[in-house]
There are 2 protein chains.
Amino acid sequence: MVLSSVTLREVANEAGVHVSTASRALNPETRSIVNEKTARRVAAAAERLGYRPHPLARGLRTNRTLTVGITVPDLLNPVFPLLYAGAETSLRDQGYSLLVGAGDDPANPVAASGILIDRHVDGLIMANAHIHSSLPQMASNQPVPTVLVNRTTDSIDAPSIACDDHAGIGLIVRHLVELGHTDIAHIAGPQDISNGVIRKQAFVAWMHSEGLDTPPELIVETNGFHTAEGRKACKRLLDSGARFTAIVGANDLIALGCYDTLAERKIKVPADISVTGFDDMAFIDRVNPPMTTVLVPFYEMGALAGQVMLSLLTSDDSGAGTLPTSTRLRPVLKTRGSTAPPAGS
Amino acid sequence: MVLSSVTLREVANEAGVHVSTASRALNPETRSIVNEKTARRVAAAAERLGYRPHPLARGLRTNRTLTVGITVPDLLNPVFPLLYAGAETSLRDQGYSLLVGAGDDPANPVAASGILIDRHVDGLIMANAHIHSSLPQMASNQPVPTVLVNRTTDSIDAPSIACDDHAGIGLIVRHLVELGHTDIAHIAGPQDISNGVIRKQAFVAWMHSEGLDTPPELIVETNGFHTAEGRKACKRLLDSGARFTAIVGANDLIALGCYDTLAERKIKVPADISVTGFDDMAFIDRVNPPMTTVLVPFYEMGALAGQVMLSLLTSDDSGAGTLPTSTRLRPVLKTRGSTAPPAGS
DNA sequence: TTGTAGGCGTTATCAC
DNA sequence: GTGATAACGCCTACAA
């Protein structure tokens with residue numbers, strides 16, 4: 001239990017030593033310098049008085065806040081709380097707290113991170129990068145140690161952790177082809193977001209490698225990974241008059257939007273048209289019909305991002321020899337009730 | 001864009017004034033004391049240099065961090081990100097940032113808030129209170145300004161914002177009675193959480209006021225508002241051999257657990273048994289069957305909690321005349337596909 | 001091994 | 001109305 005605001009000076013008095021000795025005794029890094037016995041006396045005094053170091057005073061002095069910022073596009077998409085939980089788990093043990101910034105404005109990608117930077121976070125985990133996002137700069141005029149997660153971009157030179165979207169789309173396309181589909185549509189995500197681009201490119205590539213065609217009218221783009229965008233895009237697809245028996249959604253929410261539009265038009269999933277998602281977000285296995293999708297390990301991505309951040313934060317040579325690694329996690333196909341052989345077969 | 005670490009002293013130099021004058025000129029509270037013209041000169045210099053006050057230095061001096069902690073039981077339940085978003089919206093405009101603490105350990109209710117307190121949050125929004133939770137204490141040995149939200153407890157003397165659970169259960173019970181149900185079971189939440197207690201009591205009260213019986217075997221309790229708990233409780237209910245045609249779940253997740261157990265036993269919802277939830281969490285309208293539930297305005301609750309917190313934080317007389325208000329927001333019945341007249345009618 | 005002194009950037013209390 | 005000075009609590013050369 002946290003009790004009173006005891007200062008280091010009081011601990012020092014209680015232990016009969018001077019402040020600096022108390023400081024050294026309590027700091028793991030410098031504990032070795034101090035006499036074994038006095039160190040224990042100080043520790044005991046600190047314990048007895050319920051001493052808690054003042055984070056602001058310490059931070060002002062050390063120029064570190066033990067705080068890491070994490071920016072996510074949208075907290076209401078359940079995958080991002082999951083990502084957060086992963087990162088938090090990795091960082092909490094080392095004494096770091098997470099400060100969340102939510103927002104997905106492409107025009108002002110730094111908006112969410114700006115407030116975090118102003119608060120002097122020691123590092124930044126970006127899950128909302130746009131392709132042209134630039135690395136926000138820190139008060140010290142040096143870039144904040146940054147880790148990209150979920151989305152990547154070449155314009156930020158930072159370690160990145162993401163899902164192997166190319167492979168994921170491959171799982172989906174092969175699954176549909178095995179079911180007998182040949183006319184497959186794709187509702188792509190925004191093309192200023194890496195996931196949107198990669199999944200679309202992967203879709204084309206895998207279709208071709210299966211010997212299938214990808215006519216332009218069967219690929220439509222959205223302005224966001226949201227249900228409403230999925231609804232609109234699905235309408236465009238249907239209104240184009242093009243024939244297809246399956247829709248590959250760029251993520252689960254877009255695919256959910258397809259559910260809505262198809263239901264509106266009395267088109268049955270999967271009897272008339274198969275629909276697939278991407279992410280395997282919470283509860284997507286319980287919608288009607290349960291959605292065939294690809295699991296993206298968001299929790300693990302977050303946990304890994306946290307660990308990479310830790311290694312960035314504790315690397316002695318700051319910036320020089322740190323190698324920006326790029327990790328791609330393996331997706332897993334989740335076959336459920338939204339896919340079936342095409343009507344004609 | 002945040003650029004360099006310019007200090008107040010540099011701004012003062014640039015403007016040709018002393019640091020203290022610069023401080024006063026930049027602080028809205030004290031701007032009036034300083035000469036109109038020099039104030040503008042300082043402001044211009046600050047703007048030109050891209051000055052950002054150092055939050056740690058300021059906080060160390062003023063003993064305020066412009067940070068509010070929010071503790072939630074479980075970020076993976078989509079209602080809590082919603083709550084968070086509401087609070088964040090209210091507080092951000094006033095310059096406050098939110099620090100999240102997640103956890104729901106009844107044995108150590110302060111666990112989640114402890115880390116926040118240690119970081120000297122200016123206030124605490126508790127959404128994870130247990131009935132016997134005590135008010136965590138601040139470093140200053142004075143209680144942190146606290147707002148209870150979502151869950152309440154008498155053992156903490158703080159303003160509270162919650163849903164009118166009693167009324168909500170009334171909506172549910174009347175709905176089921178109108179459908180013709182008379183044998184209605186309740187799967188209650190944990191009885192060390194206000195929502196669990198109130199909803200259970202309300203269930204009994206409303207049943208009686210409808211002239212219906214509540215035999216003890218038709219009321220089972222869970223250890224948490226989770227799907228797994230709902231599954232287990234539903235099994236106990238069925239295995240008791242008692243007859244019933246409807247289950248009132250203490251929240252949506254518990255009701256989802258019922259879906260699972262009932263499906264396992266080939267019992268159809270709502271044909272054989274009707275099931276209701278509580279919260280109207282995201283996507284619960286898309287499960288199979290779409291769940292009849294009661295909407296709890298979590299976003300509004302969060303926003304209100306943020307505003308109450310602001311008034312606590314800006315009240316001049318600290319603690320003396322502040323009246324702990326208690327607000328109950330109105331729930332809304334959402335009739336969907338998980339409820340129907342009982343089989344015999 | 002321990003004590004001394006200075007300063008991180010800001011605000012508040014003086015005096016001018 | 002403005003300037004000088006101290007202090008918030010902590011860490012860290014440097015000196016002893």
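In what follows, chains carry the letters A, B, and so on, assigned in the order in which the sequence lines appear, proteins first and then strands, with residues in each chain numbered from 1. This structure is a prediction, so every number in the text was calculated from the model and none was measured.
Taking atom CZ of B:Arg9 as the reference point, atom P of C:dC8 lies 8 Å away to the nearest angstrom. Atoms CG (A:Asn63) and P (C:dG7) sit 17 Å apart, rounded to a whole Å. Atom pair A:Arg64:CZ and C:dC8:C1' shows a separation of 15 Å (rounding to whole Å applied). In this structure, A:Glu29 atom CD and D:dC11 atom P are separated by 11 Å, rounded to whole Å. Atom NZ in B:Lys37 sits about 12 Å away from atom P in D:dT2, given to the nearest Å. Taking atom CG of A:Leu26 as the reference point, atom P of D:dT12 lies 13 Å away to the nearest angstrom. Atom-to-atom, CG of A:Leu66 to P of D:dC10 comes out at 14 Å; the value is rounded to the nearest Å. Rounded to whole angstrom, the span from the CG atom of A:Leu8 across to the P atom of C:dT4 amounts to 15 Å.
Counting only residues at least two apart or on different chains, no ring-ring contact (aromatic ring centres under 6.0 Å, His included) pair has a member in residues 63-96 of chain B.
OP1 or OP2 of C:dT11 lies within a sub-4.0 Å distance of a side-chain N or O belonging to B:Ser23. Phosphate proximity of C:dT10 to B:Thr7: present, with a side-chain N or O under 4.0 Å from OP1 or OP2. For A:Ser20 and C:dT4, the shortest distance from a side-chain N or O to OP1 or OP2 is not below 4.0 Å. Listed pair A:Thr21 / C:dG3 meets the phosphate criterion, a side-chain N or O lying under 4.0 Å from OP1 or OP2.
The backbone N or O of B:Ala127 lies less than 3.5 Å from a partner atom in the side chain of B:Asn150, making a donor-acceptor pair.
By the neighbour-count criterion of 12 heavy atoms within 6.0 Å, atom CZ of A:Arg48 is densely surrounded, having more than that number from other residues, nucleotides or ligands.
DNA chain C is contacted by B:His54, B:Ala57, B:Arg58, B:Arg61, B:Thr62 of residues 54-62 of chain B, taking any non-hydrogen atom closer than 4.0 Å.
Inter-residue side-chain proximity for B:Leu310 and B:Val68 is flagged as unmet; no heavy-atom pair is nearer than 4.5 Å. With a 4.5 Å cut-off on side-chain heavy atoms, B:Asp104 and B:Asp74 do not count as touching.
A salt bridge does not link A:Asp192 with A:Arg151: none of the charged nitrogens is closer than 4.0 Å to a carboxylate oxygen.
Contact of A:Arg24 with C:dG3 (side chain to base): a donor-acceptor pair of N or O atoms is detected under 3.5 Å.
Taken to the nearest 0.5 Å, the CG atom of A:Asn63 stands 7.5 Å off from the OG atom of B:Ser5.
Which of C:dG3, C:dT1, D:dA4 sits closest to the side chain of B:His18 comes down to D:dA4.
Among the atoms of the strands shown, none is found under 4.0 Å from any heavy atom of B:Thr30.
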